[in-house]
Participant: 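Let me give you the structure first, and then I'll get to my questions.
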Number of protein chains: 2
Amino acid sequence: MAGKRVTLKDIAERTNYTINTVSRALKDKEDIALETRKKIQRLAKEMGYIENSVAGSLRSGYSKTIAVIVGDISNPHFGIIVKEIEKAARKHRYTIIVLNTEDREELEESAIRTALSKNVDGIIICPSQRSEDNIWFLQRTGVPFVLIGRRFKSIPEFDYVICDDEKGGYLATKYLLDTGHKRILFLNGPLHISSAEERYEGYKKALQEYGVPLDPQLVREPGLIQSETRHLIRSLIEEGVDFTGVFAFNDVIAWETIYMLQKLGYGVPKDYSVIGFDNINARIFSPSPLTSISNSKSKMSRRALDILLKKINESQAGKSGGYREVVDTRLVVRDSTRNSH
Amino acid sequence: MAGKRVTLKDIAERTNYTINTVSRALKDKEDIALETRKKIQRLAKEMGYIENSVAGSLRSGYSKTIAVIVGDISNPHFGIIVKEIEKAARKHRYTIIVLNTEDREELEESAIRTALSKNVDGIIICPSQRSEDNIWFLQRTGVPFVLIGRRFKSIPEFDYVICDDEKGGYLATKYLLDTGHKRILFLNGPLHISSAEERYEGYKKALQEYGVPLDPQLVREPGLIQSETRHLIRSLIEEGVDFTGVFAFNDVIAWETIYMLQKLGYGVPKDYSVIGFDNINARIFSPSPLTSISNSKSKMSRRALDILLKKINESQAGKSGGYREVVDTRLVVRDSTRNSH
DNA sequence: TAATCTTTCTTGAACGTTAATGTTATGATC
DNA sequence: GATCATAACATTAACGTTCAAGAAAGATTA
């Protein structure tokens, strides 16, 4: 049933041209007579030829493939990013391979190795930031790459595209302050991640601007396991910790927070205002729209790809990077916050 | 800076063994002396060797790669499936490449072609079901594949793993009937998709069992664009169409429905009971939990991969498929439905 | 002690493509 | 009519592996 796969050689034999001529004809090269090209192309289609890009890649050195390495594709935030990268890549006739790291260092290393072993032309990676080692390793291989969503601010060698996390943190906090909240709980992500650290900067900046003292008790890192957020909220309420506003590192944590507050008998936004980050499609997970900080994931994805392609082409010309891009963030007010003045 | 990539040849020259010996040593083959293996492996690591799996794949004929082709990875339903497949594949040292079809026939064809050109060992695909052609094409290539989530019931050649859609439709409808609803709005997906068709069967079966006549006015296909659901709900309410229960094709449509009903001043579950499908929010706790039909995505994914690997190995032995698997579905009652007796 | 087996490695070719360079006929140029 | 350019194809080698054999050495057996 399978029927051996058709190769250039098979087409060459049928047409009495050489393999090379067939190859060039199928690529529509100008130095093959138009008529010959048409004839060969027609026959190739007829015979059901499918190019073997593995062989081509081995010979030519490039694979028209880029790797996208993220922590967790099932997280809608990354899901959207991966989708947008794929869409943009397709326009340039690139294929993507997706690798998960679970934000673990070993898996990150093996993901990078896998990508390299597949001869990808470039890599877009959201680094776990457990350490710099894996990225330095990647850098040394000379394969073009771009960080997305997170950066190593002090390492100029690592190009990146991020959103303006500090501004996002600032806008969220400022909005809560503007609407009358003074005690703002910040449920941050792990601080080794640049986005967490920079959103924290924004949080502090806004507090300072409004003369509100920073209360360490109100700055927490519930971590990525979802139940953690719920437990944390419960214990904060039980301990009687005083706050009326919540700024969450992402929308998922925000939803968790709202869920638990409601469960404990409080209203959102009646008793607490909650603001998230990422602006994940408002109603995929809940009918009650969440106030959030919007970071344009499609823009970030497209820019990351553009830069990567530029680096891929430049690296053929022997030049180097220096790309660092910060995409704007903005506040989107919805129903999980209210003015409490 | 780049520093040419280390190959087996480089290691061979340093060690005075042959390329082949080096290759076999790195693969830990028994017929190379243990000591030699260790020595070569150590040096390979030292020199920063990364295997060129493209070359290996060309020679050996298999790539240790499988393609996963879905409509939209940014849809959490597929996001979870892709993630689970990746996780399972990794255990067997397979890499996945992800391709989007946007449920469009041309993109589906080009996705399949791309996958084949990369010499993937197998394909897991959620077919657009716009037609059978692409899948027949795939079948003729002889490359092992498994359908996931959707099936062509009458084509025995196409192996699949789906969830029990009919049972799911039945359970959802039965539950609404059991809790006192007689007028049940069914917001279905496009009928050319098998899961939509089979859930519809379940819906009809439950109605029949309870002696409730089928009202065509209550069976709608709002489509995948989210605003469509909202418009539809609004116009149904405005037209005064009579219903108290809603069974939605997926959780996203369910959320949209709840959102619009609330916007129009109705309560859920006070005035309307709404039930979804996919049980997406099981992972992400949202403020208002949705009653839903749970289909085990991780189980489906794992089974699909198991079957695919089996087919990959069998196809080397020259055997053929015949795998059709239906994973159980069950009802998960949460807060968007209530007993209205 | 010759024959046979093991162990451990080597040899040569092949996978299907593309890059670089060569060849041939044809027509243009002076 | 000799020279040169051009169009259109051919030839050869190479990409980095792995596969199928084979071979040299010592160990084992009859």
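Chain letters run A, B, ... following the sequence lines, proteins first, then strands; residues in each count from 1. Worth knowing before you read on, the calculation uses all heavy atoms, side chains too, and leaves out hydrogens, waters and symmetry mates.
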Participant: Check step by step if side chain to side chain contact (heavy atoms under 4.5 Å, CB included) holds for A/L138 and A/N134.
Facilitator: CA-CA 6 Å; A/L138 178 52; A/N134 288 336; over 6 Å; no
Participant: Under 4.0 Å from OP1 or OP2 of C/dT17: is there any side-chain N or O of A/S23 that close?
Facilitator: no
Participant: Just the rounded figure in Å: distance from C1' of D/dG16 to CD of B/E13.
Facilitator: 13 Å
Participant: Has the side chain of A/R37 got a donor or acceptor atom that lies under 3.5 Å from a matching backbone atom of A/I32?
Facilitator: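 Judged by distance alone, yes, a pair lies under 3.5 Å.
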Participant: Examine D/dC9: is either OP1 or OP2 under 4.0 Å from a nitrogen or oxygen in the side chain of A/T36? Give yes or no.
Facilitator: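 Yes, because at least one side-chain N or O of A/T36 sits under 4.0 Å from OP1 or OP2 of D/dC9.
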Participant: So if I take every side-chain heavy atom of B/I32 and compare against D/dA10, C/dG12, C/dC9, which nucleotide ends up nearest?
Facilitator: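 Out of D/dA10, C/dG12, C/dC9, the nucleotide with an atom closest to B/I32's side chain is C/dC9.
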Participant: So, for A/R5 and B/L116, which heavy atoms are closest and what is the spacing to 0.1 Å?
Facilitator: NH1-O, 3.2 Å
Participant: To the side chain of A/Y62, which of C/dT11, C/dA19, D/dC9 is closest?
Facilitator: C/dA19
Participant: Applying side chain to side chain contact (heavy atoms under 4.5 Å, CB included) to A/M47 and A/D10, what does each step give before you reach the verdict?
Facilitator: CA-CA 9 Å; A/M47 297 174 68; A/D10 299 323; 4.0 Å; yes
Participant: Could you tell me the separation between the CG atom of B/N52 and the C1' atom of D/dT18, rounded to a whole number of Å?
Facilitator: 12 Å
Participant: Counting only side-chain nitrogens and oxygens, does A/K27 get under 4.0 Å of the OP1 or OP2 atom of C/dT18?
Facilitator: yes
Participant: Record whether the side chain of A/R59 comes under 3.5 Å of the base of C/dT17 through a donor-acceptor pair of N or O atoms.
Facilitator: no
Participant: OP1 or OP2 of D/dT18 less than 4.0 angstrom from a side-chain nitrogen or oxygen of B/S60, does that happen here?
Facilitator: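 Checking D/dT18 against B/S60, no side-chain N or O comes under 4.0 Å of OP1 or OP2.
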Participant: Return the value, rounded to whole Å, for the distance between atom CG of A/N119 and atom C1' of D/dG16.
Facilitator: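 Answer to the nearest Å: 9 Å.
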Participant: Rounded to whole Å, how long is the line connecting atom CZ of B/R24 with atom P of C/dT7?
Facilitator: 14 Å
Participant: Whole-Å distance between D/dC15 P and B/I19 CD1?
Facilitator: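 Atom-to-atom, B/I19 to D/dC15, this comes out as 10 Å.
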Participant: Round to the nearest Å and state the distance from B/D31 atom CG to D/dA25 atom C1'.
Facilitator: 15 Å
Participant: Nearest to the side chain of B/T7, which nucleotide is it out of C/dT8, D/dT17, D/dT18?
Facilitator: D/dT17
Participant: Quick one: B/K64 NZ to D/dT18 P, roughly how many Å, whole number?
Facilitator: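 So the NZ-P distance, B/K64 to D/dT18, works out to 13 Å.
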Participant: So if I take every side-chain heavy atom of B/T18 and compare against C/dT10, D/dC19, D/dT17, which nucleotide ends up nearest?
Facilitator: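 The closest nucleotide is C/dT10.
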Participant: What heavy-atom pair brings A/D28 and A/Q41 nearest, and what distance separates the two atoms?
Facilitator: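 Closest heavy-atom pair between A/D28 and A/Q41: OD1-NE2, 2.9 Å.
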Participant: Check this one for me: any side-chain N or O of B/Y17 less than 4.0 Å away from OP1 or OP2 of C/dC9?
Facilitator: yes
Participant: In whole angstroms, how far is the C1' atom of C/dT18 from the CG atom of A/L8?
Facilitator: 10 Å
Participant: Under 4.0 angstrom, heavy atoms only, what part of the nucleic acid is B/D10 near: base, sugar-phosphate, or nothing?
Facilitator: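 Nothing, no heavy atom under 4.0 Å.
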Participant: Can you work out whether B/K29 or B/A55 has the more 5'-proximal nearest nucleotide on DNA chain D?
Facilitator: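 Of the two residues, B/A55 wins.
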